[in-house]
Amino acid sequence: MPELPEVEVVRRGLERWVAGRIVEAVEVLHPRAVRRHPGGGADFAARLRGETVGVPQRRGKYLWLPLEGRDLSVLGHLGMSGQLLVQPEGAPDEKHLRIRVRFTDSGSGSATGAAGTELRFVDQRTFGGLSLHENTADGLPDVIAHIARDPLDPLFDEVAYHLALRARRTTVKRALLDQSLISGVGNIYADEALWRARLHYERPTANLTRPRSTELLGHVRDVMNAALDVGGTSFDSLYVNVNGESGYFDRSLDAYGREDEPCRRCGTPMRRRPWMNRSSYFCPRCQRPPRVAS
């Protein structure tokens with residue numbers, strides 16, 4: 001599932017290509033793509049017709065398109081394989097095209113060169129979709145109001161985060177993946193940040209000092225910014241940006257996916273362990289497991 005850097009790459013592309021454009025028509029080609037919209041496909045299409053798309057927004061892994069002058073937003077659920085693509089009108093349909101959004105191209109805020117293009121939601125596994133929601137007072141779709149700010153948000157509260165970590169009876173990787181504590185971090189970037197911080201994924205949060213939690217946050221930010229610079233992480237063709245291009249950060253990963261390869265810091269073979277229906281990758285020398293009290 002895409003994490004913060006991948007979703008932010010898509011958001012930036014959508015800002016360039018769809019912000020300020022007026023929706024002319026919406027085609028829902030598969031009912032599962034709007035299953036989170038209570039009114040179904042016909043209602044989704046009718047309610048979007050004539051609306052102007054605002055500047056796309058993101059919090060953590062969540063992406064939405066606010067509608068100008070309305071307290072409504074289109075929330076995008078990318079799931080495992082969802083793609084929001086900007087394509088020329090008349091381009092061949094993708095095999096797994098689920099939703100098509102056409103524009104009038106008369107919007108005053110439309111980007112130069114955007115005319116003649118349409119927005120397509122493509123999803124091979126149909127786990128994702130689009131849905132229309134009312135906004136909270138903060139401008140978030142109401143269904144994601146519980147999601148915490150992400151570490152790249154200038155309003156992220158480091159002190160509150162540290163106190164929450166100390167108060168939780170959990171381990172550090174579980175805390176990094178808890179979207180109500182900190183959003184945008186998934187399995188890949190958690191492993192990368194923990195490797196950089198020399199912390200084992202099972203380290204209890206209760207004994208993390210303020211300097212150590214601050215250091216870890218710094219590594220989370222660094223790894224995400226590095227991924228953003230190269231378009232995110234792509235392991236196959238299912239994650240692409242709005243132009244269908246893949247990211248290249250997978251070539252720079254220090255931990256994730258490197259089982260039995262030498263640690264880039266000490267040379268010890270990296271290990272992989274099953275963890276919460278996922279895998280955790282770590283260096284057994286640099287990231288020693290916590291001691292178990294006898």
Side-chain angles (χ1 to χ4, degrees), residues 1 3-8 59-61 146-229 232-233 249-250 252-259 261-294:
M1 187 171 180
E3 302 181 30
L4 185 157
E6 292 76 49
V7 177
E8 175 61 16
R59 175 168 287 190
K61 307 175 187 179
H146 64 289
I147 299 299
R149 294 186 184 275
D150 64 67
L152 300 187
D153 189 322
L155 297 180
F156 183 84
D157 190 334
E158 291 191 14
V159 174
Y161 180 66
H162 172 69
L163 294 175
L165 283 183
R166 292 294 298 267
R168 294 286 178 102
R169 293 184 177 273
T170 187
T171 54
V172 65
K173 186 172 178 179
R174 288 174 183 265
L176 284 176
L177 270 58
D178 185 340
Q179 302 298 298
S180 67
L181 283 178
I182 181 171
S183 65
V185 185
N187 203 41
I188 295 174
Y189 297 114
D191 280 357
E192 291 300 297
L194 290 169
W195 181 86
R196 293 185 180 204
R198 300 176 183 245
L199 286 171
H200 192 274
Y201 59 92
E202 293 288 5
R203 171 76 175 267
T205 58
N207 61 16
L208 273 183
T209 64
R210 174 73 187 280
R212 285 296 266 156
S213 68
T214 300
E215 178 190 1
L216 177 58
L217 272 176
H219 289 304
V220 170
R221 292 184 175 114
D222 288 346
V223 74
M224 286 186 166
N225 281 319
L228 274 171
D229 288 342
T233 301
F249 193 66
D250 60 301
S252 305
L253 294 172
D254 292 309
Y256 190 86
R258 299 192 67 246
E259 182 181 15
E261 296 182 31
C263 171
R264 291 190 170 129
R265 191 162 44 217
C266 73
T268 303
M270 299 290 290
R271 291 182 183 173
R272 178 185 68 84
R273 292 289 182 269
W275 185 83
M276 291 182 62
N277 297 319
R278 302 179 177 92
S279 293
S280 280
Y281 295 87
F282 66 103
C283 172
R285 183 177 180 183
C286 296
Q287 299 166 266
R288 295 189 182 279
R291 294 179 180 178
V292 178
S294 57

Contact between [X] and [Y] at the side-chain level, heavy atoms closer than 4.5 Å - yes or no?
X	Y	answer
N187	K173	yes
L176	L216	yes
M276	L177	no
T268	P284	yes
H200	L194	no
D191	F282	no
R212	L199	yes
R196	D254	yes

If I take atom [atom1] from residue [X] and atom [atom2] from residue [Y], how far apart are they, to the nearest 0.5 angstrom?
X	Y	atom1	atom2	answer
C286	M270	SG	CE	8.0 Å
I147	L181	CD1	CG	11.0 Å
T171	L165	OG1	CG	11.0 Å
Y161	L217	OH	CG	5.5 Å
I188	L4	CD1	CG	12.5 Å
S280	R273	OG	CZ	10.5 Å

**Asked** Considering all heavy atoms of both residues, which atom of A190 and which atom of V185 are nearest to each other, and what is their separation?
**Response** N-CG1, 3.8 Å
**Fill in**
Scanning both residues in full, the closest heavy-atom pair of S183 with R59 reads OG-CG, 4.0 Å
**Message:** Checking R149 against D157 for the side-chain contact (heavy atoms from CB on, under 4.5 Å) test, could you report, in this order, the C-alpha distance in whole Å, the side-chain angles of both residues, the deciding distance, and whether it holds?
**Reply:** CA-CA 8 Å; R149 294 186 184 275; D157 190 334; over 6 Å; no
Side chain of [X], backbone of [Y]: donor and acceptor closer than 3.5 Å?
X	Y	answer
Q287	C283	yes
E259	Y281	no
R166	L208	yes
T205	R168	yes
R221	P151	yes
E192	Y256	yes
R174	D178	no

**Asked** Under 6.0 Å from the six-membered ring centre of W195 and within 45° of its axis: does the NZ or CZ of R265 meet both?
**Response**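 Here R265 passes the 6.0 Å and 45° test against W195.
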**Item:** E6, E3, H219 screened by side chain to side chain donor-acceptor pair (under 3.5 Å) with Y189, the one that passes
**Value:** E6
**Item:** Ion pair check, D150 and K61, cut-off under 4.0 Å
**Value:** no
**Request:** Would you sort out whether S279 and R272 count as a side-chain hydrogen bond (donor to acceptor under 3.5 Å, both in side chains), showing the intermediate values?
**Result:** CA-CA 6 Å; S279 293; R272 178 185 68 84; 3.1 Å; yes
